Structures are given as C-alpha cells and as structure tokens.
**Q** 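Before I ask anything, let me first share the structure, which is written out below as structure tokens.
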Number of protein chains: 2
Amino acid sequence: MPKKCNFIEKLREVGLRPTKQRVKMCEVLYNREKTFHFTINDLVKLLSEKMNQKISLATVYNTVHAFERKGYLKEISIDSHKSYFDTNTSAHHHFFDEDTHELIDCDESDIDKINIRKNITGKKINSVEVLVRVASDNQTQK
Amino acid sequence: MPKKCNFIEKLREVGLRPTKQRVKMCEVLYNREKTFHFTINDLVKLLSEKMNQKISLATVYNTVHAFERKGYLKEISIDSHKSYFDTNTSAHHHFFDEDTHELIDCDESDIDKINIRKNITGKKINSVEVLVRVASDNQTQK
DNA sequence: ATCTACATTATAATAATTCTAAACTGTTGA
DNA sequence: TCAACAGTTTAGAATTATTATAATGTAGAT
Ligand SMILES: [Mn+2]
Ligand SMILES: [Mn+2]
Ligand SMILES: [Zn+2]
Ligand SMILES: [Zn+2]
C-alpha cells in the first residue's frame with residue numbers, strides 16, 4: 001500500500017469502489033511504518049477514537065474481508081477465539097507475546113529457511129509458517 | 001494416557017474425579033493408536049454416535065478445558081473460527097489439509113530443528129511450532 | 001441529471017462458547 | 001455404613017464474534 005493518501009487509486013486498481021469508509025480504513029491500516037496486526041475490535045476502536053469516523057460494524061467486517069480477498073490483508077490464526085489480521089500479506093513468521101497478546105513479524109533473517117522432509121501425496125505445500133510463543137522471563141509468578 | 005481402561009487412576013492422579021462422563025471421554029480420546037485432532041463438535045458426535053453416551057455440551061466443554069489445564073489436551077490454532085484440540089500435548093509441528101480441514105502431526109524427522117536468531121528482550125521462548133498448509137495438487141479448479 | 005450496480009447501515013440471525021443455578025454424585029470420615 | 005460436603009453435571013440462558021437481511025445511500029458511467 002502507498003505511503004501517502006492516494007488509496008483511491010489503489011482501491012480502484014483491484015476493483016473496489018473508493019468509498020469514504022474504505023479510504024478511512026486504508027488510512028488507519030496502511031499509513032504507518034510497520035506492519036499492523038489487529039482484531040476487528042482494535043480496528044473499530046481506532047476508527048471511532050483516533051479518526052472520528054463512525055463506521056458500522058458490518059461495514060468493518062465487509063471491508064476487512066473485501067481487503068482480504070483482494071490481497072490487502074491476511075488472516076492470522078494464533079487464537080481460536082477471535083480473528084487477527086495482518087497488513088503483511090506475505091507468508092512470514094511471527095513471535096506472539098503471550099503476556100500482551102501482541103504479534104511481531106519475523107524478518108527473513110530471524111529464522112533459517114524451514115526444510116520440510118515429508119510430503120503428503122497428492123498435496124502441494126501452500127505455506128510454511130512458524131509461530132514462536134514468548135512470555136515474560138522473570139519468574140515473578142507464584 | 002494409558003492403552004487400556006484404567007483412566008480412573010489417571011484422572012485421580014491429576015486430581016480430577018473419575019466420573020462416568022470423564023471416563024467415557026478418555027476412552028474416546030485416548031483409546032486409539034495415533035494422536036487425535038478434533039473440534040468440540042467432532043467429540044460430541046463421537047460420544048453420542050459411536051459410544052451411546054449422551055453428555056451435555058457444557059460438560060464436554062468443561063471437561064475438555066479441565067483436561068487441557070491438566071495437560072491431557074492441547075489447543076491448536078489453525079482456524080480462528082473454531083477451536084481444535086490435540087491429544088499430543090508436546091510442542092510439535094503440523095500439516096493442515098486445507099481441502100479436508102484435517103490436521104496431521106509431523107514427526108521429529110519431518111522438519112529440521114528450527115533456529116531462531118532473534119530474541120525479544122525480557123522474554124523467553126515457550127514454544128516454536130510450524131504449520132504447513134497443504135492443498136490438492138491437481139489444477140481442477142477454474 | 002439520471003441510472004444502476006455496488007456499499008453502507010441498523011438490525012436480526014446464527015454459531016461458538018461460557019455462565020447460572022439447581023440437581024446429582026464421588027469421596028471422606030464419623 | 002451413610003450423612004455431609006465439595007466437586008460435577010445439566011438444561012437452559014447469556015454472551016460474544018460473526019454473518020445475513022433488506023432498506024437506503026452513493027460512486028461512476030452515460
Ligand atoms: Mn475469516
Ligand atoms: Mn480455549
Ligand atoms: Zn505479520
Ligand atoms: Zn498434533
């Protein structure tokens with residue numbers, strides 16, 4: 001996604017009408033340095049609090065899924081209880097902080113290339129992703 | 001878990017009362033060769049159909065979570081929309097068949113040891129797990 | 001300006017999961 | 001042996017995340 005505000009172009013390119021709700025969502029999601037990991041709830045809060053944009057919950061869901069279909073967002077499974085999304089849509093690895101429930105992207109260099117020795121007959125590999133769960137080091141817990 | 005039916009002992013060992021519901025669940029979960037990956041729904045179906053045991057849904061949830069707390073089951077995150085559980089409670093890797101939604105355990109030998117080069121300050125690594133998504137090889141789709 | 005397909009919205013519906021409170025049962029120890 | 005208690009089960013209600021519905025609005029083309 002672009003650095004500044006011509007999300008209108010980008011949306012049109014993939015065949016999504018650049019409505020003001022979608023443009024606002026793009027601004028929240030993509031006007032930032034690093035990739036953004038979020039839940040629907042995070043996003044709704046950001047839209048209503050930071051931006052003063054009231055967008056109906058249904059639209060947020062619709063738009064997130066539209067972006068996902070168009071390759072602007074990727075769903076990440078770390079918690080079976082709610083959906084996390086990621087503005088980094090490539091196959092990549094994560095650290096998951098079990099204290100803060102924060103996801104952190106791994107760089108290429110952080111983890112050696114994974115070598116899969118087994119193959120399932122008649123199946124091709126779509127993705128290989130590593131999840132590294134981390135937690136507080138200090139033994140402050142009883 | 002044991003091969004035959006002294007689940008009563010095992011349950012007592014971890015401080016769970018060996019009620020008939022729990023013993024039946026143990027039989028369904030652990031009287032099998034390979035590790036078992038399942039959703040709550042799978043389990044309820046197995047209990048009512050194969051075994052002729054009607055167990056309330058609340059009890060199935062309660063018991064699964066009790067087993068999880070006691071280290072008899074582990075929750076697996078592959079799908080943000082429902083919970084999968086695994087009778088293999090060690091940290092291990094999986095293949096996930098995106099056609100059939102089936103989980104398959106990887107053996108030690110299937111994937112080389114993962115080398116993590118990055119570390120998050122103040123955090124220790126709890127687990128490192130790989131998810132390999134696979135799907136049908138034939139290009140039968142449009 | 002008009003039209004039309006696509007979007008947005010409030011609201012209802014559904015699905016997974018958890019809570020509640022009453023009835024039940026495994027275990028303990030008199 | 002058996003009453004008593006704590007832990008367990010249960011049906012059903014409540015909660016939460018998500019999706020569907022159907023009426024209204026709007027972007028983009030003519
Ligand atoms: Mn989804
Ligand atoms: Mn859970
Ligand atoms: Zn990421
Ligand atoms: Zn497994």
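Letters A, B, ... mirror the listed sequences (proteins, then strands); counts begin at 1. Here the structure is a predicted model, which means the values were calculated and not measured.
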**Q** Can you check the B:Tyr61 OH to C:dC19 P distance for me, whole Å?
**A** 13 Å
**Q** Select base, sugar-phosphate, or nothing to describe what A:Thr19 touches, counting heavy atoms under 4.0 Å on all strands.
**A** sugar-phosphate
**Q** Whole-Å distance between D:dT8 P and B:Arg22 CZ?
**A**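 So the CZ-P distance, B:Arg22 to D:dT8, works out to 4 Å.
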**Q** Nearest whole angstrom, please: distance from the P of D:dT8 to the CG of B:Asn62.
**A**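 Atom-to-atom, B:Asn62 to D:dT8, this comes out as 9 Å.
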**Q** For D:dA17, does either OP1 or OP2 sit under 4.0 Å from a side-chain N or O belonging to A:Ser83?
**A**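 It does not, given that no N or O in the side chain of A:Ser83 lies less than 4.0 Å from OP1 or OP2 of D:dA17.
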**Q** Taking for each residue the nucleotide of DNA chain D with the nearest heavy atom, is it A:Ala58 or A:Asn41 whose nucleotide lies nearer the 5' end?
**A**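 That would be A:Asn41.
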**Q** Salt bridge between A:Lys74 and A:Glu129, side-chain N to carboxylate O under 4.0 Å?
**A** yes
**Q** Rounding to an integer number of Å, can you tell me how far A:Tyr84 OH sits from D:dA17 C1'?
**A**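 My rounded result for the distance is 13 Å.
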**Q** Looking only at side-chain N and O atoms, does B:Thr59 come under 4.0 Å of OP1 or OP2 in D:dT10?
**A** yes
**Q** With the criterion being N/O to N/O and under 3.5 Å, what pairs connect the protein with nucleotides 27-30 of chain C, and how long is each?
**A**
| residue | atom | partner | partner atom | Å |
| --- | --- | --- | --- | --- |
| C:dT27 | OP1 | B:Arg12 | NH1 | 2.4 |
| C:dT27 | OP2 | B:Arg12 | NH1 | 3.4 |

**Q** Would you say that B:Leu29 contacts B:Leu43 through its side chain, given a criterion of any heavy-atom pair below 4.5 Å between the two side chains?
**A** yes
**Q** Examine D:dT26: is either OP1 or OP2 under 4.0 Å from a nitrogen or oxygen in the side chain of A:Gln21? Give yes or no.
**A** no
**Q** Using the side-chain contact (heavy atoms from CB on, under 4.5 Å) criterion, which residues pair with B:Ser77? Sequence neighbours excluded.
**A**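 By the side-chain contact (heavy atoms from CB on, under 4.5 Å) rule, B:Ser77 matches A:Ser80, A:Arg133.
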**Q** Roughly how many Å is it from NE2 in B:His65 to C1' in C:dA16, rounded to a whole number?
**A**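 It is 11 Å, rounded to the nearest whole Å.
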**Q** Please tell me which of the listed nucleotides, C:dT17, D:dA11, C:dT9, lies nearest to the side chain of A:Ser56?
**A**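 The answer is C:dT9, which lies nearest to the side chain.
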**Q** Could you give the CG-to-P distance, from A:Leu43 to D:dA17, as a whole number of Å?
**A** 14 Å
**Q** Can you tell me the distance, in whole Å, between the NZ atom of A:Lys20 and the C1' atom of D:dA27?
**A** 11 Å
**Q** Could you state the CD-C1' distance from A:Glu68 to D:dT18, rounded to the nearest angstrom?
**A** 13 Å
**Q** Compute whether any side-chain donor of one residue and acceptor of the other, for A:Gln21 and A:Thr59, lie under 3.5 angstrom apart.
**A** no
**Q** May I ask you to say what B:Ile55 touches in the nucleic acid, namely base, sugar-phosphate or nothing, with a heavy-atom cut-off under 4.0 Å?
**A**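 B:Ile55: backbone/sugar contact only, no base atoms under 4.0 Å.
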**Q** Inspect the contact between A:Arg117 and B:Asp112 and indicate whether a charged nitrogen and a carboxylate oxygen are less than 4.0 angstrom apart.
**A** yes
**Q** Under 4.5 Å between any side-chain heavy atoms of A:Lys10 and A:Leu16, yes or no?
**A**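 No, side chains not in contact.
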**Q** For A:Val44, give me all partners under side-chain contact (heavy atoms from CB on, under 4.5 Å), at least two apart in sequence or on another chain.
**A**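 Checked A:Val44 against side-chain contact (heavy atoms from CB on, under 4.5 Å); matches are A:Ile40, A:Leu57, A:Val60.
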